[in-house]
2 protein chains.
Amino acid sequence: MSKRKISIEDIARKAGVSHTTVSRALRDSPLISPKVREEIKQLAREMGYVPNGIAQSLQTQKTNTIGVVVTSIADPFFAEVVEGIEQIARSSGLSVLLSTSHRNVEQEIAAIDNFYRRRVDGILVADSRINTNHTQQIGQIATPTVFINSQTANQPESFHSVRIDDYLGARLAVQHLVSLGHTSIGYLGVGDRSLSNQLRQEGYQTVLSEANLPQIDDWIAIREEDNTRTSDVVTGQQMLPQLVKAGVTSVFCYNDMVAVGALLACKKLGISVPQDLSLVGFDGIALGGYITPPLTTIRQPMLEIGRVAMQMLLDLLQDKTVENRVLSPYLIERGSTARK
Amino acid sequence: MSKRKISIEDIARKAGVSHTTVSRALRDSPLISPKVREEIKQLAREMGYVPNGIAQSLQTQKTNTIGVVVTSIADPFFAEVVEGIEQIARSSGLSVLLSTSHRNVEQEIAAIDNFYRRRVDGILVADSRINTNHTQQIGQIATPTVFINSQTANQPESFHSVRIDDYLGARLAVQHLVSLGHTSIGYLGVGDRSLSNQLRQEGYQTVLSEANLPQIDDWIAIREEDNTRTSDVVTGQQMLPQLVKAGVTSVFCYNDMVAVGALLACKKLGISVPQDLSLVGFDGIALGGYITPPLTTIRQPMLEIGRVAMQMLLDLLQDKTVENRVLSPYLIERGSTARK
DNA sequence: CTGAAAGCGCTAACAG
DNA sequence: CTGTTAGCGCTTTCAG
């Protein structure tokens, strides 16, 4: 219970030197004689000195902090992305300020504004909804910023980003289904993640075209309302029946949570997966491997997405030129798909 | 792309007043005439002024930031706890600095030290390993700190904490099994979470005693190595067989992930749950409801744990006196347990 | 090698 | 109501 926090001045007084000398000694400046340097360091240790990072930041104009905005921490997808971010950040001496947007532009902007006031060195935004119109609102992004899987259609030129190739992922999923002999393939999507849903749907449709397979409107079900990813399960549960009624023998789901919901619905309806119906998810969250049957899915390397984004930000902070990255997802074949 | 960030001095110059006036006007001081106040605010807006939080913090000695240490963000349990923390923090104008400890005391202390340097207003630590010996190392905790489900046996008097009642939870789990007619009940635990594992094991044993049921050494399996919670699944998978071999008809698992592993092992061994073997988990993570059969478990109100801990910290920051909290878990009966 | 002085951007006495 | 002056705790010229 030390009453007042001690400063370099306190140490200086006790050591009979100037606070400048203490400052230098503590940071191993070559300007200080080894002898006094050690003395001062020892004294600082004894006195329980802890440098004031705020004062340092004010002076150096660096906070060694980055801000991260995700839609929700409880979302297993983003949890892992953040884990990847944190790993790289910490190994570079940066701390992470975390905020949530709940897929809401206002909250997203509020979070970024807050980061801006706190003078974070850089910002990472996942699933961003920001578009060119908002651009000016958010302090013209003087702070280096990297977007992860941005949902913005018309991204300003200046944006840095890393994203998964949604289109490719969808193709892999549907091609897998086609290769198993399925000819009536449905798509179960979500309306609140405009860009990625659109790209996945396009991938789906393209593969059907290429394979000369029928494209029926009723084979596509999009849940329009806004959801948190957790309730994606509910989306899957509610939307699956109509797809089954429309006669599909397989369904490509927007993501794993939707697929889980679809699977739950199947159990309830007495439809066995994969015998009666094949299901493919997207994301590759751990959960998918634990359910019965284990879920065939398109895996996004979540940890890597986080790491790559953070690394990109690090490069930006060192004024390196960076190139936007598009990572490739890949198929994980498990038990929820079978030959027709 | 504004080159240099503008300060209140810049505004003052342009407005022909002193920077003090600007400072006051911006913060709605009643000392400023309404007229100039509005003028200044307008000017600030036009100039795109964003107050420098660092400078404010240095002056006011408050950072409006709290530090949170969890073992892993990708752990669904902590992810939800953090979500709860963030909710309350944000609604109180506080930002969250997040760090991970990976169940490692050194990393935990490093994280806390870092928070200390950054002069966070308060600290939240989940699953802490810190004991009295470390107490002095971490800057004698001059910063208000609340521990969540601390794993420390001999907690210093001065610690503030919120924890789940592990002992009660274990009792509920085993009593449930007993009430279903089970007489040979096993416990599958983990060795790297000393306190909570110990309490759950005690609860288990007490109920067996009270019910005059046999207590066989081989019915208790504890995985000693350190794990991340994710690999708790592996623990369950590896340890279950020996319990089955020892002849149990039901198993109380340390947590849901362990139970998931146990379930996976059962599938592999051709043991059907719950017909041949009943399984009870602990935590109540979402995943448990999606697997087959859905997991009977002891639920910890994770979101609430986070909220309560954060609220306690808030109270501490306002110098209110707080009482340590012990929250009660409860049984969620689902499909993994059945009458013997 | 060391110290004096300035200043990072803001808030808060203390005068007028 | 407004301005002057310190000062939060540190780093960084600039002189010795």
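Both backbone and side-chain heavy atoms feed into the values below; hydrogens, waters and symmetry mates do not. We name chains A, B, ... by the order of the sequence lines, and we start the count at 1 in each one.
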(message) For a quick check of understanding: with a heavy-atom distance under 4.0 Å over all strands, which category does B:Leu58 fall into, base, sugar-phosphate or nothing?
(response) base
(message) What contact category does A:Glu9 fall into here, base, sugar-phosphate, or nothing, at under 4.0 angstrom with non-hydrogen atoms?
(response) nothing
(message) Pairs counted only when both distances fall under 3.5 Å, Watson-Crick or G-U: show me the 5' to 3' dot-bracket for DNA chain C, [ ] for pseudoknotted crossings and | for other-strand partners.
(response) ||||||||||||||||
Kindly list each side-chain donor-acceptor pair under 3.5 angstrom involving residues 316-325 of chain A, sequence neighbours excluded, with atom names and distances?
unit_1	atom_1	unit_2	atom_2	d
A:Asn324	OD1	A:Ser161	N	3.0
A:Asn324	ND2	A:Phe159	O	3.4

Between the side chains of [X] and [Y], is a donor N or O closer than 3.5 angstrom to an acceptor N or O?
X        : Y        : result
B:Arg24  : B:Thr20  : no
B:Glu83  : A:Thr100 : no
B:Arg118 : A:Ser95  : yes
A:Arg90  : B:Gln107 : yes
B:Gln42  : B:Glu38  : no

(request) Between protein and nucleotides 11-16 of chain D, map the contacts as a letter string: B base, S sugar-phosphate only, - none, heavy atoms under 4.0 Å, written 5' to 3'. (result) BBB---
(message) If you count every heavy atom of other residues, nucleotides or ligands that lies below 6.0 Å from B:Lys14 atom NZ, does the total exceed 12?
(response) no
Distance check needed: [N] [atom2] versus [X] [atom1], whole Å only.
X       : N      : atom1 : atom2 : value
B:Ile6  : C:dC8  : CD1   : C1'   : 16 Å
B:Ile11 : C:dT11 : CD1   : P     : 11 Å
A:Lys62 : D:dG9  : NZ    : P     : 22 Å
B:Asn64 : C:dC10 : CG    : C1'   : 14 Å
A:Ile54 : C:dT11 : CD1   : P     : 14 Å
A:Asp10 : D:dG9  : CG    : C1'   : 10 Å
A:Arg37 : C:dC1  : CZ    : C1'   : 11 Å

Under-4.0 Å side-chain N/O to phosphate OP1/OP2 contact, [X] with [N]:
X       : N     : value
A:Tyr49 : D:dG9 : no
A:Ser18 : C:dG3 : yes
A:Thr21 : C:dG3 : yes

(message) When you measure from the side chain of A:Ser57 to the backbone of A:Lys62, do you find a donor-acceptor pair of N or O atoms at a distance under 3.5 Å?
(response) yes
(message) Any heavy-atom pair between the side chains of A:Leu313 and A:Leu124 that's under 4.5 Å?
(response) yes
(message) Can you work out whether B:Gly53 or B:Leu31 has the more 5'-proximal nearest nucleotide on DNA chain C?
(response) B:Gly53
